[in-house]
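To find a chain, count down the sequence lines: A is the first, B the second, and so on, and within it residues start at 1. Nothing here was measured: the structure is a model prediction, and the numbers come from that model.
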Amino acid sequence: MDTLPTEFDLIVVGTGLIESAVSAAASRIGKRVLHIDSKDYYGGLWASFNLENIETVFSKPQSNIHNAGSEDVQLDANQKKLVIGNDLFEIIDIEQAWHVLEKDKDYDSSLLKTKDVAEAALEVSEECNAESVDAVTKEVPVAVEANAESLVDEIQAIAVQEAIEKNNDVDIQEGAVAVIEAKENAEKETDPVLEVKEEFNATNDIHVEAEEAQIVEEEHLNNVTSLEVSAAAVFKPWSQESIMKQSRKFNLDLTPKVQFSRGEFVKLLVSSNIARYAEYIAIGRILTYLDGKLIPVPCSRSNIFSSPHVNVIEKRVLMKLLSTLMDSTDKDFSEYDGKTFKEYLQDRKLSPELIHYIVYSIALSDDETSCSDGVKNVKRFLASLGIIGQTPFIYSMYGSGEIPQAFCRLSAVFGGTYALNQPLSHFIYDEEHNFKGLISGQQKITASNLVTGFEYAPNEMVEKKEMSYISRGIFITDKSVLEADKQKTSLILMPSKDGKTLCHIIEAGHWSGVCPKDLYIVHMSARRTASAKEDLKYYVDTLFSNDPNDTKPNVLWSFYFAIPDTNDKDYTQHNSKNSFFCPGPDSDLDYDNSIQKASKIFDEIYPDSEFLPRAPDPDEIIFCDDSDEAAEEVKEAGAGDLPQEIEKTEEKQDSAEISLN
Amino acid sequence: MENMATRTQTAQRPNGSAQGKICQFKLVLLGESAVGKSSLVLRFVKGQFHEYQESTIGAAFLTQTVCLDDTTVKFEIWDTAGQERYHSLAPMYYRGAQAAIVVYDITNQDTFGRAKTWVKELQRQASPNIVIALAGNKQDLANKRMVEFEEAQNYADENTLLFMETSAKTAMNVNDIFLAIAKKLPRNEQASGASASGQGRRLAEGDTGARAAGSCCK
């Protein structure tokens with residue numbers, strides 16, 4: 001491979017969204033940019049991965065720091081080296097699990113003929129589990145085998161398989177009996193493993209005292225549930241093998257985001273011509289959880305009028321309120337200073353259902369959101385309504401990981417040098433804390449400014465304080481949380497039980513390029529309070545089921561983790577005027593705040609230049625292929641304008657807007 | 001108020017049969033640095049050739065149209081913008097591509113090896129129906145040839161690739177290779193690669209806020 005040039009105006013380390021936007025903006029105004037990443041993929045914490053890769057991405061050491069050769073790099077007398085990367089930034093709570101059997105052959109199609117078989121087996125397995133519950137000791141050891149669950153699956157699968165082979169030609173009734181026997185045998189055989197598993201599920205590292213028997217009881221119930229999963233798995237067509245075979249069809253976001261179709265971010269993408277590099281799909285519906293049911297939130301005018309969930313009077317009230325909010329100015333709400341948006345709505349004498357829709361879904365708020373923020377959010381929501389589809393939101397096709405790549409491409413088009421998978425070891429600073437360059441392998445590369453993702457900040461420049469995290473869950477499921485007449489990517493805004501926080505949930509299917517056909521991807525994001533798995537448990541339990549006969553989706557694969565949120569506080573501490581640290585992903589639904597941060601960093605480095613001005617379109621092109629008899633002159637305008645684009649036929653109500661009168 | 005104006009692309013003949021449909025395809029160029037990827041595009045799109053072409057051109061996103069029977073095939077051509085140089089080409093680049101031209105330099109055996117790697121990568125990562133063409137560029141320098149025509153032809157045959165030796169300098173086979181690709185691309189509504197990118201839409205400036213950029217024919 002070629003060695004890198006050694007002199008730049010700006011070095012950008014890490015290909016996260018903010019870093020990539022600064023890189024694009026600097027290249028765009030003619031700066032010589034080196035955009036470098038120690039990872040071999042684009043996007044850093046904003047990347048999307050296929051199924052195979054996401055399993056390994058966190059198991060590798062997170063910092064890819066290479067020292068080899070760096071000793072040979074000669075520094076000036078007043079310069080010092082700081083090791084790249086810090087101890088503060090760490091991804092935690094990582095827990096990946098399969099909830100289906102390992103191999104295709106573990107299933108037998110003859111078992112799929114009747115639901116009775118599945119039900120019979122399930123009943124038996126519940127009985128078995130109820131008995132085994134008693135065997136659990138109350139003292140729970142800390143060390144557990146994390147793969148206990150898959151072992152149980154495996155042993156049971158083998159036993160079932162054996163039973164099936166023995167009874168190949170018998171009728172279904174007998175088949176069911178065989179399965180039941182097999183399950184019983186399997187559970188006897190796996191007793192020790194089961195115990196470990198139950199202990200594992202019961203608690204992570206707490207010693208359960210006698211007075212906490214109640215909790216133990218509850219945990220046992222959970223165990224029964226999780227065992228039902230493995231019982232049910234025997235009758236599901238999906239196996240780990242069949243899902244992994246399609247690993248490349250998955251694009252699993254570390255940081256799933258939607259975009260307001262007329263938000264600041266999208267406006268910038270369009271005006272800077274970056275939008276041409278990405279494809280979008282509309283978020284087809286917003287769902288909320290109310291009175292034990294998932295309900296589509298009426299948000300567009302046509303939604304409101306067609307919704308069976310709001311009565312005629314409520315429809316009018318809702319329309320009127322939204323119009324009032326849209327036309328309002330700040331001083332209209334002066335008496336609500338220090339009060340919540342929910343209080344404002346309650347004072348309007350709205351029904352609890354309407355308040356629920358407005359607070360959690362339209363205002364994207366929780367019970368504690370201030371009135372002024374709530375109103376601001378409603379306005380933002382309405383401003384993007386009626387542009388694309390039924391909701392104000394769009395989602396990046398092939399996953400959110402495409403977005404940083406689009407910025408990187410613009411940077412490259414304008415001369416940015418791109419080098420992934422680089423052996424980064426040190427930043428070089430002089431005595432006055434000025435960034436001078438970095439060491440990559442045996443190369444010293446210099447630049448006037450440094451922009452880097454926070455995860456690369458050296459320990460010397462990081463302030464150790466308590467870190468906040470975002471709890472994340474990614475789930476592969478077998479059906480939609482709410483079946484619809486046509487393919488709809490869903491945004492589910494679900495308040496916590498106490499209404500104090502809002503969990504952002506995105507469900508996408510194969511049409512959005514994030515998973516194979518017949519499967520769904522569900523992303524959950526919430527503020528971390530306990531651990532990723534615990535924080536999301538309520539939502540998982542509410543939306544999903546372990547029963548294959550339930551209308552709710554079954555989870556086939558789950559992946560939990562928590563990533564640091566470096567947005568609310570400044571975790572850096574340094575006097576370097578030419579070093580800029582980009583925070584990682586925030587907990588927002590969209591990118592508007594992140595792009596503002598990129599713009600701010602750019603303004604600090606290049607105060608006299610515009611952030612991502614419009615990129616020029618290629619010249620008008622006239623071409624005619626005269627070798628073809630049907631040739632005719634086709635006049636083409638610039639590619640960026642795409643003037644002859646074929647419009648997708650839109651349903652009429654797709655472009656409906658809330659009337660402001 | 002937004003107005004999703006729908007443009008009709010299909011002209012109606014008096015007898016009612018449709019003609020003049022437009023198919024749009026994303027075509028990506030792949031290959032080692034300096035094999036002439038940008039030069040091929042510039043020759044095809046603008047009929048120009050620059051001996052000392054800078055490694056990056058500002059417009060790495062060009063369109064060109066060819067006419068085939070009653071169909072106008074519009075190529076949306078993506079150039080690598082130099083991201084391949086340090087092996088850092090973004091996967092987004094060949095996402096949803098319905099066609100690819102993998103370019104090597106016939107005077108440089110290494111670039112042919114690299115081309116084979118790209119073909120493998122496309123077969124692994126790109127949409128399964130992608131039409132891949134192999135272009136042995138710099139045919140005008142045939143006296144310095146290091147890759148035999150037969151060797152490349154055999155490789156192309158084994159992998160069912162279109163193959164031509166081209167010269168961006170003399171324009172030899174440049175239009176031909178694009179035309180050959182156009183002929184091989186599905187031009188009916190069902191098979192026009194809609195599965196690859198037909199679901200998505202592009203955003204563009206204008207009153208509507210967004211316009212669809214489906215690849216399917218209408």
Side-chain angles (χ1 to χ4, degrees), chain A residues 1-2 4 42 248 261-262 266 269-271 275-281 386-388 394 397-398 402 405-406 408-409 412-415 417-422 511-513 616-618 621 623-625 627-628 630-632 634 636 639-642 644-650 654-655 657, chain B residues 1-7 9 22 24 33 45-47 56 58-70 72 74 76 79-83 85-93 95-96 124-125 175-176 179 197 199-205 208-214 216-218:
Chain A
M1 205 190 292
D2 299 346
L4 291 161
Y42 277 94
R248 290 182 186 285
S261 46
R262 194 169 267 183
V266 168
L269 283 189
V270 171
S271 70
R276 62 160 72 129
Y277 301 132
E279 281 179 70
Y280 285 94
I281 45 162
I387 312 284
I388 299 169
I394 52 176
M397 184 139 182
Y398 308 112
E402 297 293 284
Q405 293 181 50
C408 291
R409 178 159 171 87
V413 166
F414 284 93
T417 301
Y418 273 79
L420 299 183
N421 203 18
Q422 294 299 307
W511 58 87
S512 41
D617 288 327
I621 300 154
F623 178 82
C624 177
D625 180 65
S627 70
D628 195 288
E632 61 180 291
V634 178
E636 288 291 321
D641 289 328
L642 298 172
Q644 299 194 8
E645 282 315 340
I646 301 154
E647 299 281 352
K648 281 264 159 70
T649 334
E650 286 292 323
D654 275 1
S655 54
E657 255 194 359
Chain B
M1 185 61 72
E2 305 304 327
N3 178 18
M4 298 289 290
T6 305
R7 287 158 205 245
Q9 293 287 328
I22 296 179
Q24 182 170 320
S33 294
V45 174
K46 298 199 170 186
T56 308
F61 185 99
L62 294 164
T63 59
Q64 181 58 293
T65 305
V66 295
C67 304
L68 268 183
D69 306 325
D70 64 340
T72 304
K74 182 175 177 180
E76 183 187 281
D79 200 353
T80 56
Q83 277 177 305
R85 179 131 190 230
Y86 302 101
H87 298 185
S88 303
L89 200 59
M92 181 199 70
Y93 180 69
R95 201 74 91 191
R124 227 163 50 113
Q125 300 273 37
N175 286 357
D176 307 67
L179 203 61
S197 62
Q199 298 279 2
R201 56 160 83 218
R202 291 262 165 72
L203 304 178
E205 213 154 13
T208 57
R211 270 185 232 173
C216 63
C217 306
K218 285 254 168 103

Practice task
Could you pull out all residues at least two apart from A:Glu402 that satisfy side-chain hydrogen bond (donor to acceptor under 3.5 Å, both in side chains)?
Solution key: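 For A:Glu402 the side-chain hydrogen bond (donor to acceptor under 3.5 Å, both in side chains) partners, ignoring immediate neighbours, are B:Arg95.
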Handout entry: Non-neighbouring partners of B:Tyr93 that pass side-chain hydrogen bond (donor to acceptor under 3.5 Å, both in side chains), sequence neighbours left out
Key =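 By the side-chain hydrogen bond (donor to acceptor under 3.5 Å, both in side chains) rule, B:Tyr93 matches no residue at all.
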To the nearest 0.5 Å, what is the distance between [atom1] ([X]) and [atom2] ([Y])?
| X | Y | atom1 | atom2 | value |
| --- | --- | --- | --- | --- |
| B:Leu203 | A:Arg276 | CG | CZ | 13.0 Å |
| B:Arg202 | A:Leu269 | CZ | CG | 12.5 Å |
| A:Tyr418 | B:Thr80 | OH | OG1 | 13.5 Å |
| A:Arg409 | B:Gln83 | CZ | CD | 6.5 Å |
| A:Ile388 | B:Arg201 | CD1 | CZ | 5.0 Å |

Practice task
Could you tell me whether the side chain of A:Gln405 and the main chain of B:Met92 form a donor-acceptor pair under 3.5 Å?
Solution key: yes
Handout entry: Considering all heavy atoms, the nearest B:Leu89-A:Tyr42 contact
Key =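 Looking at all heavy atoms of both residues, the shortest contact is C-CE1, 4.1 Å.
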Problem - Heavy-atom pair of closest approach, residues B:Ser88 and A:Leu420 - result: OG-N, 2.8 Å
Exercise for the section: Return the option, out of A:Gly513, A:Ala419, A:Ala275, with the maximum number of heavy-atom pairs under 4.5 Å with chain B. Expected result: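 Most pairs with chain B among the choices: A:Ala419.
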